[in-house]
Amino acid sequence: MKKIIYTDKAPAPIGPYNQAVLVGNTLYTSGQIALDPVTMELVLDDIETETMQVMENMKAVLAAVDMTFENVIKTSIFIMNMGDFTRINAVYARYFDESTAPARETVQVACLPKNVNIEISMIAIK
């Protein structure tokens with residue numbers, strides 16, 4: 001049975017989806033973009049700041065089910081410009097212990113919601 005996860009510490013969904021769904025002990029998150037959860041305004045100062053906002057949003061979704069980045073087993077990163085990969089990766093690395101980091105793919109795409117530069121989704125297990 002699935003349980004819908006919602007926290008006001010992450011941006012509210014902007015369409016017909018939920019922040020995350022918990023099935024058993026597995027959490028499937030929707031993609032997060034750099035929306036400030038309080039103002040619902042985009043944080044697009046630079047790719048590092050944008051990535052940090054995405055990761056902080058994801059941190060809040062994980063915390064809503066008493067999980068942390070240690071519980072994450074898979075991430076999917078969608079970016080507009082593969083040239084930003086090194087800068088994105090530097091911010092992303094601050095959130096994971098390299099020895100236990102999750103599996104991941106990073107894909108350059110043509111366009112993302114609200115024309116942001118990065119979107120990340122995760123799967124975590126408790």
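Remember, predicted model here, so these are calculated numbers, not experimental data.
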In this structure, would [X] and [Y] fall into the same cluster of hydrophobic residues linked by side-chain contacts under 4.5 Å?
| X | Y | answer |
| --- | --- | --- |
| Leu35 | Tyr17 | yes |
| Ile4 | Ile123 | yes |
| Val65 | Tyr6 | no |
| Met52 | Phe85 | yes |
| Ile125 | Ile120 | no |

Taking all non-hydrogen atoms of both residues, which atom of [X] and which atom of [Y] are closest, and how far apart?
| X | Y | answer |
| --- | --- | --- |
| Ala64 | Thr7 | CB-CB, 3.9 Å |
| Leu112 | Phe78 | CD1-O, 3.5 Å |
| Ile33 | Val54 | C-CG2, 3.5 Å |
| Val61 | Ala20 | CG1-CB, 3.7 Å |
| Pro37 | Pro11 | CB-N, 3.6 Å |
| Met82 | Thr106 | CE-O, 3.9 Å |

Can a donor-acceptor pair be found, under 3.5 Å and without considering hydrogens, that links the side chain of [X] to the backbone of [Y]?
| X | Y | answer |
| --- | --- | --- |
| Gln53 | Asp36 | no |
| Thr51 | Ile47 | yes |
| Asn117 | Met80 | no |
| Gln19 | Thr29 | no |
| Glu50 | Val43 | no |

Distance (rounded to the nearest 0.5 Å) between [X] [atom1] and [Y] [atom2]:
| X | Y | atom1 | atom2 | answer |
| --- | --- | --- | --- | --- |
| Met55 | Asn57 | CE | CG | 10.5 Å |
| Ser30 | Met122 | OG | CE | 12.5 Å |
| Glu119 | Ile79 | CD | CD1 | 12.5 Å |
| Ile118 | Glu48 | CD1 | CD | 10.5 Å |
| Glu56 | Thr49 | CD | OG1 | 12.0 Å |
| Thr26 | Asn71 | OG1 | CG | 10.5 Å |

**From CA spacing to verdict: side-chain contact (heavy atoms from CB on, under 4.5 Å), Val72, Phe96** = CA-CA 9 Å; Val72 177; Phe96 292 101; 4.0 Å; yes

**Request:** Could you go through the side-chain contact (heavy atoms from CB on, under 4.5 Å) check for Leu42 and Lys114 one step at a time?
**Result:** CA-CA 9 Å; Leu42 289 169; Lys114 296 190 171 276; 3.9 Å; yes

**Request:** Begin with the C-alpha distance, continue with both residues' side-chain angles, and end with the deciding distance and a verdict on side-chain contact (heavy atoms from CB on, under 4.5 Å) for Lys2 and Leu22.
**Result:** CA-CA 6 Å; Lys2 71 180 183 178; Leu22 186 66; over 6 Å; no

**Prompt:** Cation-pi between Arg104 and Tyr92: NZ/CZ under 6.0 Å from ring centre and within 45° of the ring axis?
**Reply:**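 Checked: cation-pi criterion met.
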
**Prompt:** Among side-chain atoms of Thr86 and Asn89, is any donor-acceptor pair under 3.5 angstrom?
**Reply:**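 No, no side-chain donor-acceptor contact under 3.5 Å.
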
**Asked** Between Glu105 and Ser76, does any side-chain donor sit less than 3.5 Å from a side-chain acceptor?
**Response**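 There is such a pair between these side chains.
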
Side chains of [X] and [Y] in contact at under 4.5 Å (non-hydrogen atoms):
| X | Y | answer |
| --- | --- | --- |
| Lys3 | Val21 | no |
| Ile77 | Gln108 | no |
| Phe69 | Leu62 | yes |

**Item:** Derivation and outcome, side-chain contact (heavy atoms from CB on, under 4.5 Å), residues Val23 and Tyr28
**Value:** CA-CA 8 Å; Val23 179; Tyr28 301 89; 4.3 Å; yes

**Request:** May I ask you to check whether over 12 heavy atoms, not counting those of Lys126, lie within 6.0 Å of atom NZ?
**Result:**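 Counting other residues, nucleotides and ligands, NZ of Lys126 exceeds 12 neighbours.
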
**Request:** Give a yes or no on whether Lys74 atom NZ has more than 12 heavy-atom contacts from other residues, nucleotides or ligands under 6.0 Å away.
**Result:**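 Yes.
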
